[in-house]
Protein chains: 2
Amino acid sequence: MTDPELNTPKPELDARINKFQAYIQDKNMDGVLILQKSDLFYFTGTIQDSWLYIPAEGLPVLMVKKSAARAQAESELDKIIPLKSSAQIPEILRLQGFKMPVSLGMELDVLPANLFFSYQKLFKNCEIADISHEIRMLRAVKSDYEINMIKKAAQLADLVLENVKELIWEGMQEVELAGLVESAARKLGHQGTARMRLWGSELFYGHLMAGPSAAVPSFLSSPTGGTGTCPAVAQGAGFNLVKSREPILVDYVFAFNGYMSDQTRIFSIGELPDELVNAHKAMLDVQEMLQKEAKPGVKAGELYNMAVERASELGYADNFMGSGSDRIRFVGHGLGIELDEYPFIAKGQELTLQKNMVIALEPKLIFPDKGVVGIENTHLVVENGLEQLTKFGDEIILV
Amino acid sequence: MTDPELNTPKPELDARINKFQAYIQDKNMDGVLILQKSDLFYFTGTIQDSWLYIPAEGLPVLMVKKSAARAQAESELDKIIPLKSSAQIPEILRLQGFKMPVSLGMELDVLPANLFFSYQKLFKNCEIADISHEIRMLRAVKSDYEINMIKKAAQLADLVLENVKELIWEGMQEVELAGLVESAARKLGHQGTARMRLWGSELFYGHLMAGPSAAVPSFLSSPTGGTGTCPAVAQGAGFNLVKSREPILVDYVFAFNGYMSDQTRIFSIGELPDELVNAHKAMLDVQEMLQKEAKPGVKAGELYNMAVERASELGYADNFMGSGSDRIRFVGHGLGIELDEYPFIAKGQELTLQKNMVIALEPKLIFPDKGVVGIENTHLVVENGLEQLTKFGDEIILV
């Protein structure tokens with residue numbers, strides 16, 4: 001097993017479940033059944049093959065198929081019960097003294113349809129409704145424990161960036177550089193897997209691309225895409241060669257003990273053309289404005305509008321966050337256990353920033369034939385503004 | 001974009017769609033709407049954010065949100081149409097001359113429930129039914145093109161293993177060794193992402209663990225687990241130190257242009273104790289038996305039974321494919337675009353092997369306090385047996 005020091009502490013789990021029970025009561029549900037890995041990790045501290053029942057009131061029950069022993073070691077919850085099949089869930093709940101739920105919350109944003117049907121059969125005369133928005137609202141505001149984990153991830157991300165300059169040489173393939181940077185991250189304890197919630201979204205470490213290939217758009221809701229090695233992944237590093245005087249984009253996630261930071265820096269072998277240097281400075285200007293304006297009470301959508309407006313004033317309307325029809329309408333996103341957590345700093349978003357949300361802000365300019373410049377940092381929303389958690393210098397790093 | 005040489009050839013796509021249309025007609029469906037990345041890649045050659053409509057008869061239509069330009073470059077399909085929202089799908093189908101489907105197939109094994117509800121609203125008076133089993137049956141039998149891709153992945157996997165011996169030293173952390181092996185794989189063009197279909201299943205390269213930590217069970221349907229770096233990933237390499245005379249398990253996938261091979265080898269710094277050397281030999285014996293018995297017409301479940309029986313005869317009943325309640329009931333699996341394709345060489349499986357299926361066979365022994373020994377190779381089912389595709393020597397490799 002992993003070091004018990006890495007277990008999510010019991011008071012932390014208790015506080016999360018207590019807060020969530022207020023949401024369950026608000027929705028007049030009898031309970032919620034949690035299955036998805038990120039949510040399981042959040043509420044139990046383990047991702048073993050299991051089902052967590054959180055009643056509107058009372059202690060939650062974690063029912064584990066594989067591995068029960070491991071779930072016992074990793075989760076500080078009181079009630080952990082082995083089972084062989086999900087068919088046993090109603091009986092276990094009965095034995096635990098719960099009445100059969102008439103209204104049950106599940107994660108219908110991620111739960112596959114066939115599984116939804118099977119739970120409808122399992123819980124007869126029970127209405128199963130979506131509870132994912134409430135889970136995401138709860139998870140958007142981080143505890144001190146979570147903030148410390150994200151700070152740790154951010155520190156490790158900074159350490160990875162310290163290594164990058166020495167790993168770059170002219171003529172290497174993007175994918176070779178990616179492998180070296182990833183190897184450095186693994187040595188520092190990067191967990192590998194970077195979780196995203198939206199179905200069909202995925203990310204392998206992040207985006208590391210050089211020159212024009214960084215500007216190749218992809219399926220992902222991201223300003224950058226990258227060729228990737230093949231159409232089957234269609235993003236990130238590919239076989240393109242690293243050349244001098246082209247921006248080398250390193251937009252990598254560091255994932256530590258379940259929590260992520262997200263950070264982008266631009267490297268260059270020799271000075272970039274003035275046009276790109278100026279464009280990079282413009283994005284630092286947009287970042288500075290966002291860092292000043294973002295505070296509790298500000299609507300996420302307003303922040304996005306301000307970013308677009310400033311980018312336009314600076315003369316970059318056509319290249320901000322993408323180019324042409326592949327432009328995306330956001331400038332940042334919440335993150336934590338998943339990379340696409342609330343709030344989305346995106347067009348039309350009404351959600352207001354709250355203290356202890358964690359957001360990545362990533363103003364970027366995409367020049368289809370030249371590449372990508374810009375910045376990304378992970379921030380904590382504090383009482384009257386933002387605290388920047390990723391701290392590696394924002395300027396273009398000359399190799 | 002990626003090299004057009006990597007595009008799935010048009011005759012290949014046409015053949016897949018033609019075969020699938022026979023399934024659609026068999027099910028009396030008007031058409032099928034494909035959304036999942038692996039299936040999109042299989043039928044179109046691209047994973048851009050898109051919807052593929054395959055009518056029971058006639059040409060399929062790929063409707064693309066992001067990036068339409070990229071889908072055009074990557075897919076050899078004839079009809080590729082940009083759209084802004086899935087709400088436009090019925091209208092596009094109408095304009096393409098299709099009648100509105102009354103019976104529509106979708107991938108209900110993976111499609112989230114909320115999306116299922118939204119497609120029910122979009123296609124009024126239409127019954128949406130699951131077509132995932134038929135997709136998986138089709139994909140289980142590989143074309144010559146696919147077999148060549150998997151052979152290429154297997155060759156690259158062999159090359160990665162050539163590197164491993166030089167990367168191991170006593171006292172390093174598993175995760176450091178993992179990073180070095182992964183870096184070598186990336187340099188050879190490993191795509192990164194390794195896809196699995198079953199919801200909640202995931203894998204980051206594979207399992208690389210040393211000594212007892214290889215025997216730590218996990219949530220995955222896999223004989224091995226590993227501590228991982230933390231409970232949030234709970235599998236694979238962790239911070240455990242590599243020691244001499246303990247089996248170092250390297251069970252890694254190589255993913256090339258969408259297709260995977262899967263292979264396991266055991267390394268050791270100095271000779272392993274006789275007990276483990278003999279156990280490893282026993283698994284080579286089980287492999288040899290399986291390689292002899294596996295051929296078109298044999299039931300997958302029978303192969304599994306034979307493996308269990310042979311392992312028992314050899315005296316390893318208690319450690320075969322896991323230990324105690326965390327034992328898994330399979331000895332192999334189909335693979336291709338996903339790592340958990342049909343057929344499952346598992347208890348009770350009635351599916352028979354067919355020519356051109358690709359299967360990984362992985363007889364392993366799990367000794368909780370000592371580690372894991374055994375073997376895994378990727379095989380092609382041929383006319384009268386198996387052709388082994390991963391070819392690195394099966395013996396324990398001394399470092």
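Below, chains carry the letters A, B, ... as their sequence lines are ordered, and counting in each starts from 1. Atom set for the values below is all heavy atoms of this structure, side chains included, hydrogens, waters and symmetry mates excluded.
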Residues B:Met149, B:Tyr145; criterion side chain to side chain contact (heavy atoms under 4.5 Å, CB included); working and verdict: CA-CA 6 Å; B:Met149 286 297 151; B:Tyr145 172 83; 3.5 Å; yes
Leading residue by heavy atom contact count with chain B [cutoff under 4.5 Å; candidates A:Thr46, A:Ile337, A:Thr229, A:Ile47]: A:Ile47
Polar side chain donor-acceptor pair, B:Gln48 to B:Ser67, under 3.5 angstrom: no
Selection from A:Glu107, A:Lys84, A:Lys187 maximising heavy-atom pairs under 4.5 Å formed with chain B: A:Lys187
A:Glu202 bridged to B:Lys37 by N-O distance under 4.0 Å: no
Structural part of A:Ser213 lying under 4.5 Å from a heavy atom of chain B: neither
Engaged part of B:Leu35 at the chain A interface, taking heavy atoms whose separation is under 4.5 Å: both
Ion pair A:Arg197/A:Asp39, N-O distance below 4.0 Å: yes
Selection from B:Val175, B:Ile128, B:Leu108 maximising heavy-atom pairs under 4.5 Å formed with chain A: B:Leu108
B:Tyr259 versus chain A, the contacting section by heavy-atom distance below 4.5 Å: neither
Cation-pi, B:Phe219 ring and A:Lys65 (6.0 angstrom, 45 degrees): no
Verdict with supporting geometry, A:Gln88 and A:Met63, side chain to side chain contact (heavy atoms under 4.5 Å, CB included): CA-CA 9 Å; A:Gln88 295 172 268; A:Met63 297 160 276; over 6 Å; no
Selection from B:Val216, B:Leu111, B:Asp49 maximising heavy-atom pairs under 4.5 Å formed with chain A: B:Leu111
A:Lys10 atom NZ: more than 12 heavy-atom contacts under 6.0 Å: yes
Chain B contacts, top residue of A:Ser183, A:Pro231, A:Ala113 (heavy-atom pairs, under 4.5 Å): A:Pro231
Positive for side-chain contact (heavy atoms from CB on, under 4.5 Å) with A:Leu203, one of A:Asp340, A:Thr193, A:Leu339: A:Leu339
Chain B contact via A:Ala255 - side chain, backbone, both or neither, heavy atoms under 4.5 Å: neither
Toward chain B, the part of A:Asp130 with a non-hydrogen atom under 4.5 Å: side chain
Sidechain-backbone polar pair: B:Lys66 side chain, A:Ser221 backbone, donor-acceptor under 3.5 Å: no
Option that, when pairs with chain A are counted at under 4.5 Å, heavy atom only, ranks first among B:Gly258, B:Ala234, B:Ala185: B:Ala234
Donor-acceptor pair between B:Gln36 and B:Glu338 side chains, under 3.5 angstrom: yes
Pick from A:Asp109, A:Leu115, A:Asn240 with the largest number of heavy-atom pairs that fall under 4.5 Å of chain B: A:Asp109
Side chain / backbone / both / neither for A:Gln191 at chain B, heavy atoms under 4.5 Å: both
Selection from A:Ser218, A:Ser132, A:Pro82, A:Gly189 maximising heavy-atom pairs under 4.5 Å formed with chain B: A:Ser218
Best-contacting candidate, A:Cys230, A:Gly179, A:Ser38, against chain B by heavy atom pairs under 4.5 angstrom: A:Cys230
Heavy-atom contact with chain B under 4.5 Å, split by part of A:Tyr205: side chain
Salt bridge present between A:Glu176 and B:Arg186 (N-O < 4.0 angstrom): no
Verdict with supporting geometry, B:Val110 and A:Trp199, side chain to side chain contact (heavy atoms under 4.5 Å, CB included): CA-CA 9 Å; B:Val110 290; A:Trp199 189 60; 3.8 Å; yes
Heavy-atom pair count under 4.5 Å with chain A, highest-scoring of B:Ala232, B:Gly236, B:Ala237: B:Ala232
Separation between CZ of B:Phe41 and CG of B:Asn257, rounded to the nearest 0.5 Å: 5.0 Å
Option in B:Ile328, B:Leu6, B:Asp326 with maximal non-hydrogen atom pairs under 4.5 Å from chain A: B:Asp326
Max heavy-atom pair count under 4.5 Å with chain A, selected residue of B:Gly45, B:Gly226, B:Gly324, B:Ser325: B:Gly226
Under 4.5 Å from any heavy atom of chain B - which part of A:Glu74: side chain
A:Leu188 portion near chain B, given a 4.5 angstrom heavy-atom threshold: neither
